[in-house]
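Beneath this line is the structure, given in structure tokens, with notes to follow.
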Amino acid sequence: MAKRDSFASGLGVLAAMAGSAVGLGNLWRFPYLVGTNGGAAFIIIYLAFVFLLALPIMYSEFIIGRRSQANVFSAYKVLAPGTKWCTVGLIYVLASLFIISFYCVVGGWTINYFWKAITFQFSVADTSVLGSMFNNTVTSSVEPLVYMLIFLGATALIVMAGIKDGIERYTKIMMPVLFIIVVVVAIRSMTLPGAGAGLEFLFKPDFSKVTGNTLLNALGQAFFSLSIGCGTIMTYGSYVNKKENIAGLSAETAITDTTFAIIAGLAIMPAVFAFGISPAEGPGLVFVTLPYIFAQLPFGAFLAILFFFMLFIAAITSSISQLEVIVSYLKEEFNMSRKLAIFLSLAVIVIFGVLCSLSQGTLADVKIFGLNFFDFFDQTSANIFLPLGGFFAVIFVGWKMKKPDVVDEFTSGGTRKLNKFFVNFSYYSIKYLAPIVVAVVLISGLI
Ligand code: PFF
């Protein structure tokens with residue numbers, strides 16, 4: 001069998017993992033969920049979940065992936081031969097498929113808005129005009145599909161190039177650029193007159209509005225934003241060599257992702273309040289309010305171009321990780337070429353993507369469990385599949401794998417000196433803390 005592709009350096013692994021984590025989840029989904037779930041209280045609950053769950057679940061996925069050096073399905077076959085554990089792998093494949101199906105639609109919007117920015121279409125500083133611009137953009141039947149296909153095509157090209165020459169090479173350049181741009185926008189937003197109300201919304205909690213649904217949304221968002229529970233880290237981990245530090249890479253990814261989410265909040269909310277826009281605007285928040293803000297700022301046209309370019313970059317470094325989960329599964333499990341695996345995956349994703357896109361307009365009235373296609377794919381994946389996928393990963397590492405094997409992964413085969421307390425603490429968080437928290441929130445949220 002040909003040698004499996006792999007990452008060339010630790011920095012490359014970090015860029016790819018952080019690239020997967022930082023995406024539309026931080027810059028589009030997080031701000032609008034904060035806006036529709038009451039602000040600071042949601043952020044605090046979200047951060048609590050990140051703090052409690054991010055590391056145990058990331059470690060577990062990483063350990064399963066690296067130890068098995070296999071795709072999400074075979075990983076369980078390698079580590080627990082002759083058991084039914086490998087069916088869990090299918091949850092990840094399905095979750096990734098569901099996510100990329102609506103993600104590519106929003107990815108298409110980012111390209112569309114980038115185009116609008118470079119052709120200076122945001123010169124009207126009127127929210128109703130920009131609101132109907134967003135509405136027309138997403139509800140029309142054909143145009144969003146074209147942009148969605150461009151987005152998927154770009155994703156496929158990077159994944160086609162493989163790990164070292166595709167994913168690693170591009171994310172290493174894109175991530176730092178992204179960070180610089182988002183910081184520039186945040187500084188501009190926070191220095192607007194009237195920005196204080198936005199900061200208050202972000203930092204002064206009102207827990208009276210918290211419901212079971214808020215909890216479930218915060219849990220789903222934590223999983224979604226960190227790219228955990230859908231096998232991305234497991235898949236990337238399978239391309240990582242034994243030397244790399246699982247604990248360090250996971251912590252760096254979680255910190256980067258959370259920093260981006262907070263800075264995205266700082267970039268968007270102060271401006272939303274400064275211009276008297278409703279934070280509960282929903283999925284259009286970034287697309288309606290920011291162009292409005294850009295239209296009134298000095299160098300706004302330039303900032304708009306940078307911002308939508310950045311949103312596109314953030315989206316694509318995430319969508320490649322979603323696609324890679326599916327592609328590596330098809331490629332290895334059915335022994336097909338990378339090209340064919342990509343082609344087959346795209347065939348299904350395009351069908352789902354078309355449904356999600358049309359559900360914004362033509363198919364708005366078609367509902368599954370009361371949700372249109374877009375919301376169905378979004379909510380079942382984030383709020384159900386990802387928590388389930390994460391739950392099974394920690395249960396597997398905590399209860400099925402042997403502790404010495406887990407420690408062996410943490411210490412890179414005994415070559416890395418790690419504090420004993422740290423290793424034990426991590427192990428018991430995997431074994432008890434993470435599964436209990438996920439199970440309680442998932443069950444209470446669903447009830
Ligand atoms: N973490 C990505 C974001 O915040 O946009 C979304 C995502 C990527 C979710 C990869 C799941 C995944 F496997």
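Numbering of ligands and ligand atoms starts at 1, following listing order. Basis for what follows: all heavy atoms, side chains included, without hydrogens, waters or symmetry-related copies. All residue numbers in this chain count up from 1 along the given sequence.
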Requested in this report: Walk me through it: do Thr380 and Phe369 pass the test side-chain contact (heavy atoms from CB on, under 4.5 Å)?
Outcome: CA-CA 10 Å; Thr380 44; Phe369 300 114; 5.9 Å; no
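Between Phe287 and Trp109, the ring centre distance stays below 6.0 Å.
Here is the list of ligand 1 atoms found below 4.0 Å of a heavy atom in Leu24: 5 (O). Of all the atoms in ligand 1, the ones that sit under 4.0 Å from a non-hydrogen atom of Tyr103 are 2 (C), 3 (C), 5 (O), 6 (C). If you number the atoms of ligand 1 from 1 as listed, the ones under 4.0 Å from a heavy atom of Ser321 come out as 10 (C). Close contacts of ligand 1 with Thr232, meaning ligand atoms under 4.0 Å from a residue heavy atom, involve 12 (C), 13 (F). Of all atoms in ligand 1, numbered sequentially from 1 with element shown, those under 4.0 Å from a heavy atom of Ile99 are 11 (C). Residue-ligand proximity, Cys230 to ligand 1, at heavy-atom distances under 4.0 Å covers atoms 11 (C), 12 (C), 13 (F). For ligand 1, the atoms closer than 4.0 angstrom to any heavy atom of Asn26 are 4 (O).
With hydrogens left out, the protein atom closest to atom 6 (C) of ligand 1 is Phe224 O, 3.5 Å, a heavy atom. Atom 7 (C) of ligand 1 has its closest protein heavy atom at Gln322 NE2, 3.4 Å.
Neither the backbone nor the side chain of Leu386 comes within contact range of ligand 1; no heavy atom lies under 4.0 Å.
At a threshold of 4.0 Å, the pair Arg66-Glu244 does not count as salt-bridged, since none of the basic side-chain nitrogens sits closer than that to a carboxylate oxygen. By the 4.0 Å N-to-carboxylate-O rule, Glu324 lies close enough to Arg338 to be salt-bridged with it.
Atom 2 (C) of ligand 1 has its nearest heavy-atom neighbour, among Gly19, Ser20, Ser319, Gly25, in Ser20. Scanning Ser227, Gly107, Ala382, Ala21 for the heavy atom closest to atom 10 (C) of ligand 1 points to Ser227.
Relative to the ring axis of Phe396, Lys400 does not place its NZ or CZ within 45° and under 6.0 Å from the centre.
Aromatic ring orientation, Tyr76 versus Trp85: parallel (interplanar angle below 30°, classes split at 30° and 60°).
In this structure, the side chains of Tyr59 and Ser426 come closer than 4.5 Å at one or more pairs of heavy atoms.
Heavy-atom distances between Ser96 and ligand 1 stay at or above 4.0 Å for every pair.
A donor and an acceptor atom, one from each side chain of Asn217 and Thr214, are nowhere located under 3.5 Å apart. Between Ser20 and Thr232, the side chains place no donor N or O within less than 3.5 Å of an acceptor N or O (distance only, hydrogens not considered).
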